[in-house]
Amino acid sequence: EEKKPKSKLGLLLGIIALIAVAIIFVLPKKSEVVTVEKEPTLAQINTKKESKVKTPKLVDMGVSVLWADRNIGAKSLYDYGVNYNWGVTDISGNEKAQKSLSNFPSDISGTEYDIATVNYGDGWKMPSIEDFRESVKNCEIYTHKEKGVAGYILVSKVNGNQLFLPNYKRYQIEGDSTSDVFSSDTRPVYWTSNCIKSYSGGFVYAFDDRKDAYRPSFYLPIRAIKSK
């Protein structure tokens with residue numbers, strides 16, 4: 001029997017049907033459309049970072065305050081952390097110190113100038129010289145090197161708990177030049193919350209019981225404490 005040719009109308013309808021099926025399966029559904037966001041600005045990135053500041057763990061050394069188990073800005077117990085100018089509160093380390101300390105109190109612990117209080121919250125603060133002295137008096141101190149990081153281990157005479165304080169290269173930036181104040185692997189030197197306005201300098205604790213003051217533009221580590 002002779003086959004009848006398909007009509008032009010049927011062929012056209014078939015083509016339209018194929019196009020409709022292709023559109024349904026190829027084009028994304030509304031719920032699957034991905035919107036591309038604009039890249040965040042530097043300010044937005046910094047805001048996100050600042051909102052995720054994690055407080056360190058606390059160690060009870062048997063003294064009147066609790067000590068953070070690591071330096072501010074450190075990611076681990078053996079990380080040096082970030083070196084800061086005295087009296088700054090930007091935890092990223094990008095803020096520079098003021099040249100004059102005339103507007104600062106003689107002890108910034110727990111104030112608006114205290115980097116630990118501002119970033120970690122109430123109860124957290126920078127240690128004073130007396131906080132360091134009390135802890136050293138109640139601890140045995142040993143030199144130690146762990147994971148390539150040299151420093152001191154403080155072992156409490158009261159309860160046996162330990163703190164590791166890494167040595168650090170202290171430096172100062174004057175204009176565009178950087179000068180080393182001490183070499184690495186000598187001894188830990190930390191900012192305290194105390195300052196001397198007549199010298200415009202912040203006091204440091206260097207584990208030799210001297211009362212030394214450095215200019216605020218020096219970059220040094222900070223170990224936070226918290227009230228019991």
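Numbering starts at 1 and runs along the sequence shown.
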Specify the closest pair of heavy atoms between [X] and [Y], including all atoms of both residues, with the distance to one decimal.
| X | Y | value |
| --- | --- | --- |
| I222 | M126 | CG2-CG, 4.1 Å |
| A116 | A224 | CB-CB, 3.8 Å |
| S156 | C139 | CA-SG, 3.8 Å |
| N71 | R223 | OD1-NE, 2.9 Å |
| Y80 | G148 | OH-O, 4.5 Å |
| G110 | K125 | N-CB, 3.8 Å |

Set of side-chain hydrogen bond (donor to acceptor under 3.5 Å, both in side chains) partners for E146, sequence neighbours left out: H144
Set of residues satisfying side-chain hydrogen bond (donor to acceptor under 3.5 Å, both in side chains) with respect to S106, sequence neighbours excluded: none
Measure the spacing between [atom1] of [X] and [atom2] of [Y] and express it to the nearest 0.5 Å.
| X | Y | atom1 | atom2 | answer |
| --- | --- | --- | --- | --- |
| K145 | I153 | NZ | CD1 | 14.0 Å |
| I225 | M61 | CD1 | CE | 13.0 Å |
| K197 | C195 | NZ | SG | 6.5 Å |

Inter- and intrachain pairs under salt bridge (Lys or Arg N to Asp or Glu O under 4.0 Å), touching residues 59-75, at least two apart: D60-K228
From CA spacing to verdict: side-chain contact (heavy atoms from CB on, under 4.5 Å), F207, L165: CA-CA 11 Å; F207 291 87; L165 301 174; 3.1 Å; yes
Intermediate values then yes/no, side-chain contact (heavy atoms from CB on, under 4.5 Å), Y205 and D212: CA-CA 7 Å; Y205 193 83; D212 294 334; over 6 Å; no
Contact between [X] and [Y] at the side-chain level, heavy atoms closer than 4.5 Å - yes or no?
| X | Y | result |
| --- | --- | --- |
| W124 | V118 | no |
| L220 | Y190 | no |
| P166 | Y78 | no |
| P127 | V65 | no |
| F104 | T111 | no |
| V158 | V63 | no |
| N94 | Y84 | no |
| I72 | I115 | yes |

More than 12 heavy atoms from other groups under 6.0 Å of NZ on K157: yes
Atom CD of Q98: over 12 foreign heavy atoms under 6.0 Å: no
Aromatic plane relationship, W191 with Y214 - under 30° parallel, 30 to 60° tilted, over 60° perpendicular: perpendicular
Derivation and outcome, side chain to side chain donor-acceptor pair (under 3.5 Å), residues D107 and S193: CA-CA 5 Å; D107 187 346; S193 60; 2.7 Å; yes
Derivation of the side-chain contact (heavy atoms from CB on, under 4.5 Å) call for S200 and R215: CA-CA 6 Å; S200 285; R215 286 188 292 277; over 6 Å; no
Check for a donor-acceptor pair, side chain of [X] on one end and backbone N or O of [Y] on the other, with a separation under 3.5 Å.
| X | Y | result |
| --- | --- | --- |
| N194 | I129 | yes |
| T192 | F203 | yes |
| E140 | L154 | no |

CA sep, side-chain torsions, deciding dist, call: Y142, Y152, ring-ring contact (aromatic ring centres under 6.0 Å, His included): CA-CA 6 Å; Y142 305 93; Y152 286 3; over 10 Å; no
S128 and D131 side chains, donor-acceptor separation under 3.5 Å: yes
side-chain contact (heavy atoms from CB on, under 4.5 Å) partner of V88, the single match among I91, N85, D90: N85
CA sep, side-chain torsions, deciding dist, call: W86, Y219, ring-ring contact (aromatic ring centres under 6.0 Å, His included): CA-CA 8 Å; W86 190 88; Y219 285 80; over 10 Å; no
Salt bridge (charged side-chain N to carboxylate O under 4.0 Å, His left out) between R133 and E130, worked out: CA-CA 5 Å; R133 285 176 174 170; E130 293 308 317; 3.2 Å; yes
